[in-house]
Amino acid sequence: MDELFIYNFLMLCLGLSSVFVFIALFFIPAGYGQHVNKKWGPTINNKLGWFLMEIPTVIIYIIYYLIGDRKTDLIPLIFMGMWMVHYCQRTFIFPFLIRGKQPMPITIIFMGITFNGINTYLQARWIYTFSTPYTTNWILTPMFIIGVIIFICGFIINMHSDYIIRKLRKPGETEYKIPYGGMFRYVSCPSYLGEITEWTEWAIMTWSFPGLVFAVWTFANLAPRARSNHLWYVNTFTDYPKKRKALIPFIL
Ligand SMILES: NC(=O)c1ccc[n+]([C@@H]2O[C@H](COP(=O)([O-])OP(=O)(O)OC[C@H]3O[C@@H](n4cnc5c(N)ncnc54)[C@H](OP(=O)(O)O)[C@@H]3O)[C@@H](O)[C@H]2O)c1
C-alpha cells in the first residue's frame with residue numbers, strides 16, 4: 001500500500017481521536033499522579049514509565065531524519081533542534097528529577113507510546129519527506145519568526161513550572177503542596193499551558209496539517225487534565241488561591 005495513504009490515514013485517526021480523548025478525559029481523568037486509580041490496572045515505577053513513554057519521540061525522529069533526504073537543510077535542522085531540546089529533556093532528564101513515587105499504570109504508558117510513536121512519525125516524515133521542502137527563505141516568514149519566539153516562551157514556562165513543582169518536595173517527601181510563584185500566580189497547571197503553547201507554535205512555524213493535529217491533540221489531552229487538577233487542588237486545600245484559574249490566565 002502507498003505510504004502516503006497510510007500517512008494520511010494515521011493523521012486522520014489522530015485528529016478524530018483527539019475529539020474522543022477531549023470528551024472522555026472530562027469524565028475519566030488519566031489515572032496517574034493525583035488521579036492514580038487501581039482501575040487502570042498494573043503499574044510500574046514512574047521514572048521508568050516516563051522514560052519508556054517518551055523515548056519513541058527521540059528514536060523515531062532520528063530514524064526519519066536519517067532516511068529522509070533533507071539532512072543538511074537549515075530549516076529542518078532548526079525544527080529538529082527545537083524538537084530534540086524539548087524531547088531529550090523530557091526523556092533523559094525529567095524522569096530522573098521527579099520526586100514523586102506514584103507508580104504509573106502500564107495502560108497509560110502504552111497509550112503514551114502509541115501516541116508519541118505515531119505523532120513523531122507524522123511530524124518527522126512531513127519535515128524530511130512529504131512537505132514541499134522548507135527553503136532557507138522560510139526563516140523570514142512571520143509564521144517562522146512568531147512560531148519560534150513563542151515556542152521558546154512556551155518551553156521556558158513549561159520548564160520553570162516543572163521546576164517549581166519539583167522543588168515543593170524535599171527528597172523522600174511524597175505529599176502534595178500548593179505551588180506558588182512563576183505562572184502559578186495565574187493558573188494551576190502552567191506546565192500544561194507551556195506545553196500547549198509550544199506545540200501550537202510548532203503548528204504555526206511548520207505551517208502544516210500534522211503540526212495542527214499535534215497542537216489540537218495536545219490541547220485535547222491537557223485541557224481536561226488541567227481542569228481535573230484544578231478541581232483537585234480547590235477540593236483538597238481550603239486555602240487554595242481563589243483567583244487562580246485552571247489553564248488560561250484570567251479566563252479558564
Ligand atoms: N504533550 C503532552 O500531551 C503531555 C502529556 C502529559 C504531560 N506532559 C508534560 O509532562 C510534564 C509532567 O506532567 P504531569 O502531568 O506528570 O505533571 P504534574 O502533575 O506536574 O506531575 C509531575 C511531578 O510533580 C509531582 N507533583 C505534581 N503536583 C504536585 C504538588 N502539588 N505537590 C508536590 N508534587 C507534585 C508529581 O508527583 P506524584 O507522582 O506523586 O503525583 C510528579 O512527580 C509537564 O511538563 C507536562 O506538560 C505533556
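Keep in mind that this is a model prediction, so the values were computed, not measured. In each ligand, atom 1 is the first atom listed, and ligand 1 is the first ligand listed.
Contact annotation: Phe115 has no heavy atom less than 4.0 Å from any atom of ligand 1. Heavy-atom separations between Trp217 and ligand 1 are all 4.0 Å or longer. No heavy atom of Thr174 sits closer than 4.0 Å to any atom of ligand 1. Within the structure, the closest approach of Trp199 to ligand 1 does not fall below 4.0 Å when heavy atoms are considered.
A donor-acceptor pair is defined here as one N or O able to donate and one able to accept, closer than 3.5 Å; no such pair exists between the side chain of Trp138 and the backbone of Pro133. With hydrogens and angles ignored, the 3.5 Å screen pairs no side-chain donor or acceptor of Tyr240 with any backbone N or O of Ile178. Between the side chain of Tyr65 and the main chain of Lys71, a donor-acceptor pair closer than 3.5 Å is present.
Ring-centre distance between Trp199 and His86: below the 6.0 Å cut-off. Phe130 and Tyr7 have their aromatic ring centers within a separation under 6.0 angstrom. Between Tyr134 and Phe144, the gap from one ring centroid to the other reaches at least 6.0 Å.
In this structure, the protein non-hydrogen atom closest to atom 4 (C) of ligand 1 is Leu222 CD2, 3.9 Å. Here the protein heavy atom with the shortest distance to atom 14 (P) of ligand 1 is Tyr192 OH, 3.7 Å. For atom 26 (N) of ligand 1, the nearest non-hydrogen atom of the protein is Ile165 CG2, 3.5 Å. Atom 6 (C) of ligand 1 has as its closest protein heavy atom Tyr32 OH, 3.6 Å. Among protein heavy atoms, atom 12 (C) of ligand 1 sits closest to Phe94 CZ, 3.4 Å. Nearest non-hydrogen protein atom to atom 41 (O) of ligand 1 is Tyr176 OH, 2.5 Å. From the protein, the heavy atom lying nearest to atom 39 (O) of ligand 1 is Gln102 CB, 3.5 Å.
Contact check for Glu201 versus Val148: no side-chain heavy atoms found under the 4.5 Å cut-off.
Any N or O atom pair closer than 3.5 Å counts here, and Glu175 shares no such pair with ligand 1. Every N/O-N/O distance between Trp232 and ligand 1 stays at or above 3.5 Å. Distances between N or O atoms of Arg90 and those of ligand 1 include at least one value under 3.5 Å. Ligand 1 has an N or O atom lying under 3.5 Å from an N or O atom of Lys177, backbone or side chain. Some N or O of Asn158 is nearer than 3.5 Å to an N or O of ligand 1, by distance alone. In terms of N/O distances under 3.5 Å, ligand 1 is not approached by Tyr87.
For ligand 1, the atoms lying closer than 4.0 Å to a non-hydrogen atom of Arg225 are 15 (O). Within ligand 1, the atoms closer than 4.0 Å to a non-hydrogen atom of Tyr233 are 28 (N), 30 (C), 31 (N), numbered from 1 in the order shown. Within ligand 1, counting atoms from 1 as listed, the ones closer than 4.0 Å to a heavy atom of Gln34 are 19 (O), 28 (N), 41 (O). Residue Asn221 approaches ligand 1 through these ligand atoms, each under 4.0 Å from one of its heavy atoms: 3 (O), 5 (C). Annotation for ligand 1: atoms under 4.0 Å from non-hydrogen atoms of Gly33 are 41 (O).
Contacts between Ile178 and ligand 1 below 4.0 angstrom, taking non-hydrogen atoms only, are absent altogether. Only the side chain of Arg169 comes within 4.0 Å of ligand 1, counting heavy atoms alone; its backbone N, CA, C and O stay farther away. Looking at Trp50 against ligand 1, only its side chain comes within 4.0 Å, counting heavy atoms.
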| message | Under the criterion side chain to side chain contact (heavy atoms under 4.5 Å, CB included), I'd like the reasoning laid out for Thr218 against Glu195: C-alpha separation, chi angles, the key distance, then a yes or no. | response | CA-CA 8 Å; Thr218 305; Glu195 189 96 27; 4.0 Å; yes
| task | Test Ile251 against Lys245 for side chain to side chain contact (heavy atoms under 4.5 Å, CB included), laying out the working first. | result | CA-CA 7 Å; Ile251 298 174; Lys245 299 290 183 186; over 6 Å; no
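Annotation: cation-pi pair Arg244/Tyr180 present, NZ/CZ under 6.0 Å from the ring centroid and within 45° of its normal.
Within a 6.0 Å radius of CZ in Phe209, no more than 12 heavy atoms belonging to other residues, nucleotides or ligands are found.
Protein heavy atoms come within 4.0 Å of atom 9 (C) of ligand 1. For atom 21 (O) of ligand 1, the nearest protein heavy atom lies 4.0 Å or farther away. Protein heavy atoms come within 4.0 Å of atom 17 (O) of ligand 1.
Qualifying salt bridge (charged side-chain N to carboxylate O under 4.0 Å, His left out) partners for Glu175, counting only residues two or more places apart in sequence or in other chains: none.
Under a hydrophobic clustering in which Ile, Leu, Val, Met, Phe, Trp and Tyr are joined whenever their side-chain heavy atoms come within less than 4.5 Å, directly or via other members, Tyr64 and Phe115 fall into the same cluster. Leu14 and Leu12 sit in two unconnected hydrophobic clusters of ILVMFWY residues. Membership requires side-chain heavy atoms under 4.5 Å apart, directly or through other members. Under the 4.5 Å side-chain heavy-atom criterion for Ile, Leu, Val, Met, Phe, Trp and Tyr, Tyr186 and Leu168 are members of distinct hydrophobic clusters. No single ILVMFWY cluster, assembled from side-chain heavy atoms under 4.5 Å apart, contains both Phe110 and Ile108.
Between atom 47 (O) of ligand 1 and the options Lys47, Glu195, Glu198, the minimum heavy-atom separation is to Glu195. Comparing heavy-atom distances from atom 45 (O) of ligand 1 across Asp162, Leu97, Ile157 singles out Asp162 as nearest.
Side-chain contact annotation: Asn116 with Arg90, donor-acceptor N/O pair under 3.5 Å absent.
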